[in-house]
Amino acid sequence: MTDSTFTPRVFSGIKPSGGLTLGNYLGAIKRWVDMQDGETETIYCAVDLHAITVWQDPAGLKAGTREIAAGMLASGIDPEKSILFNQSQVPEHTQLAWIFNCVARLGWMNRMTQFKDKAGKNAEKASLGLYAYPSLMAADILLYHATHVPVGEDQKQHVELTRDIANKFNNDFGVDFFPVTEPVIEGPGTRVMNLRDGTKKMSKSGESDMERINMLDDADTIAKKFKKAKTDPDGIPETFDGLNGRPEAKNLVDIYSGLADISAEAVVAEYAGAGWGKFKPALADLAVAKLAPISDEMKRLMDDPAEIDRKLARGAERAREIATPILDKTYDIVGLLR
Ligand code: AMP
Ligand code: TRP
């Protein structure tokens with residue numbers, strides 16, 4: 001953190017736009033769980049308003065939001081230790097986002113690679129919300145004066161934009177009001193790749209289900225997906241450097257490393273020289289051992305949607321206690337009469 005006057009606080013979010021993947025787990029949720037046990041306050045959010053920047057079926061969005069919440073709870077997010085809620089229950093996010101829309105510059109938004117990827121060739125048909133999305137993300141973070149944001153590698157540029165917005169706001173109004181947030185991108189799981197193409201990120205919305213592991217996949221499906229995962233003819237190399245230029249092989253080693261909580265170097269040392277016929281079943285067994293208890297608990301929680309809703313509503317109340325005074329102060333700084 002660049003300014004010691006801000007108390008450390010962690011915020012992160014995940015979109016309910018499809019089921020949770022192993023990428024979400026290793027890149028985000030697993031690390032969020034680790035962070036909630038320290039001194040720092042932790043706030044985790046199902047960002048439903050981000051999800052609707054592309055079309056969401058209304059019933060699917062409700063179910064998806066509950067699934068994300070169940071996934072976080074089942075993975076070990078403890079609503080006593082962390083604040084857990086869904087974004088749309090705290091309207092201050094959108095209020096602050098509007099102010100940031102007036103701070104962020106078009107030139108900054110035009111550089112956002114995620115927008116370019118998602119809008120594709122048909123950018124004229126993308127929603128205005130998809131374009132403004134990073135400004136809402138900055139509002140999510142800064143509404144809580146969050147100093148640290150644990151995310152996967154793909155979100156780095158958005159956190160940098162958040163820093164630019166905080167700096168410009170502070171400069172424009174001559175205040176030291178918003179912290180300059182640090183992205184926290186650490187560990188082997190910050191970029192889990194597609195199982196069919198090691199140059200693309202594993203995502204909820206990729207075309208084929210074979211390219212990702214879903215948190216709710218059963219043991220047979222997980223084994224089948226790893227068995228069919230693309231690899232090269234060489235197995236696990238003798239040394240870690242032997243993974244250079246082999247994205248698919250490196251991805252499987254990284255996944256093993258993230259799940260086992262050991263370094264990728266240690267994985268290579270343990271399996272040096274092994275063929276895929278040995279490594280892939282070991283990886284599948286490890287994944288099932290780690291994910292099955294989580295998915296069983298997710299299913300149990302999802303059987304009682306009212307209880308999930310109650311937890312989210314309680315989290316939203318607690319979030320608003322932090323958010324309201326920060327938004328009020330922002331309005332005062334900007335000169336909006338209240
Ligand atoms: P999303 O599913 O896009 O809302 O992402 C939620 C969180 O999961 C963000 O912190 C992402 O960076 C992280 N994440 C999503 N996919 C991956 C992946 N394939 N590898 C690592 N992290 C990921
Ligand atoms: N944009 C993030 C993603 O696609 C989700 C997100 C929204 C987020 N608001 C956030 C992540 C605030 C961290 C902090 O993954």
Side-chain angles (χ1 to χ4, degrees), residues 9-33 35 42-54 56 64-65 67-68 71-72 75 77 85-88 90 93-94 96-97 100 112-115 117-118 129-130 132-163 165-166 181-206 211-215 247 250-251 254-255 257-259 319:
R9 189 179 275 151
V10 168
F11 182 96
S12 201
I14 193 160
K15 289 190 301 282
S17 53
L20 288 172
T21 68
L22 184 62
N24 295 134
Y25 179 65
L26 292 178
I29 300 175
K30 183 169 184 286
R31 299 164 53 227
W32 301 356
V33 174
M35 292 178 111
T42 45
I43 307 175
Y44 300 125
C45 187
V47 287
D48 44 9
L49 296 170
H50 277 91
I52 61 167
T53 56
V54 299
Q56 301 296 331
T65 304
E67 184 183 327
I68 297 278
M72 294 195 222
S75 302
I77 301 287
F85 70 108
N86 62 307
Q87 186 185 28
S88 59
V90 181
H93 287 245
T94 38
L96 186 61
F100 288 169
M112 295 295 113
T113 55
Q114 184 171 298
F115 175 77
D117 291 348
K118 286 204 169 178
L130 188 67
Y133 174 121
S135 169
L136 177 60
M137 176 161 162
D140 298 339
I141 296 167
L142 295 175
L143 185 59
Y144 302 95
H145 279 185
T147 55
H148 295 82
V149 178
V151 279
E153 178 68 40
D154 61 317
Q155 294 304 312
K156 189 167 182 228
Q157 194 184 34
H158 290 158
V159 183
E160 280 161 3
L161 183 93
T162 302
R163 296 162 61 89
I165 289 177
T181 306
E182 297 287 345
V184 184
I185 303 171
E186 284 166 356
T190 54
R191 201 165 159 73
V192 177
M193 308 310 279
N194 178 322
L195 298 180
R196 309 295 288 175
D197 177 351
T199 63
K200 289 195 196 134
K201 162 183 113 152
M202 182 184 287
S203 100
K204 292 174 178 140
S205 50
E211 66 186 47
R212 62 178 163 265
I213 303 286
N214 304 300
M215 296 288 285
K250 174 147 191 327
N251 188 39
D254 280 343
I255 292 174
S257 150
L259 286 168

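Both counts, for ligands and for their atoms, begin at 1 and track the order of listing.
Summary of contacts: the protein heavy atom closest to atom 9 (N) of ligand 2 is D140 OD2, 2.7 Å. Shortest contact from atom 20 (N) of ligand 1 to any protein heavy atom: V192 N, 2.8 Å. Among protein heavy atoms, the minimum distance from atom 4 (O) of ligand 1 is reached at K15 N, 2.8 Å. In terms of protein heavy atoms, atom 7 (C) of ligand 1 is closest to A28 CB, 3.7 Å. Closest to atom 1 (N) of ligand 2 among all protein heavy atoms lies Y133 OH, 2.7 Å. Here the protein heavy atom with the shortest distance to atom 5 (C) of ligand 2 is G13 O, 3.7 Å. For atom 12 (O) of ligand 1, the nearest protein heavy atom (residue, atom name, distance) is D154 OD1, 2.5 Å. Protein heavy atom closest to atom 6 (C) of ligand 1, with residue, atom name and distance, is I14 CG1, 3.4 Å. Counting only heavy atoms of the protein, atom 2 (C) of ligand 2 lies nearest to Q155 OE1, 3.3 Å. Nearest non-hydrogen protein atom to atom 22 (N) of ligand 1 is G23 O, 3.3 Å. Residue, atom and distance of the protein heavy atom nearest to atom 16 (N) of ligand 1 are M202 O, 3.7 Å.
Heavy atoms only, all atoms of each residue included: P247 and G198 are closest at CB-O, 3.5 Å. Nearest heavy-atom pair, M72 versus A46, reported as atom, atom and distance to 0.1 Å: CE-N, 4.1 Å. Nearest approach of D140 to V47, heavy atoms of both residues: OD2-CG1, 3.9 Å. Residues M35 and P150 share a closest heavy-atom pair of SD-CG, 3.4 Å. Smallest separation of non-hydrogen atoms from S17 and Q56: CB-NE2, 3.5 Å. For K15 against K204, the heavy-atom pair with the smallest separation is O-NZ, 2.6 Å.
Every atom of ligand 1 with a heavy atom of K201 under 4.0 Å away is listed here by number and element: 19 (N). The distance from ligand 1 to the heavy atoms of G27 drops below 4.0 Å at these ligand atoms: 21 (C), 22 (N). Proximity to T190 (heavy-atom distance under 4.0 Å) selects the following atoms of ligand 1: 20 (N), 21 (C), 22 (N). Counting atoms of ligand 2 from 1 in the listed order, those under 4.0 Å from a heavy atom of V149 are 13 (C), 14 (C). Residue F11 has at least one heavy-atom neighbour below 4.0 Å for each of these atoms of ligand 2: 12 (C), 14 (C). Heavy-atom proximity to Q155, at under 4.0 Å, picks out these atoms of ligand 1: 12 (O). The atoms of ligand 2 that sit less than 4.0 Å from any heavy atom of V151 are 11 (C), 13 (C).
Checked by distance only, ligand 1 and G152 come closer than 3.5 Å through their nitrogen or oxygen atoms. Among the atoms of K204, some N or O lies under 3.5 angstrom from an N or O of ligand 1. Close N/O approach between D154 and ligand 2 is not found [any backbone or side-chain N/O within under 3.5 Å]. Distances between N or O atoms of N24 and those of ligand 1 include at least one value under 3.5 Å.
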Candidate pair R31 and T190, rule side chain to side chain contact (heavy atoms under 4.5 Å, CB included), full reasoning:
CA-CA 10 Å; R31 299 164 53 227; T190 54; 4.2 Å; yes
List the steps and the verdict of side chain to side chain contact (heavy atoms under 4.5 Å, CB included) for I77 and W32.
CA-CA 7 Å; I77 301 287; W32 301 356; 3.8 Å; yes
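Remark: of the listed residues I68, T65, L49, T65 is the sole one forming a side chain to side chain contact (heavy atoms under 4.5 Å, CB included) with N86.
Of all the heavy atoms of I141, the ones lying under 4.0 Å from any atom of ligand 2 belong exclusively to the side chain.
In this structure, the side chains of I213 and I255 stay at 4.5 Å or more apart for every pair of heavy atoms.
Under a 4.0 Å heavy-atom criterion, G189 is in contact with ligand 1.
Considering each of K15, H50, M137, Q114, the one bringing a non-hydrogen atom nearest atom 8 (C) of ligand 2 is M137.
The environment of NZ in K250 is sparse: at most 12 heavy-atom neighbours from other residues, nucleotides or ligands sit within 6.0 Å.
Taking the six-membered ring where the residue is Trp, Y144 and F11 present parallel rings, their angle staying beneath 30° rather than reaching 60°.
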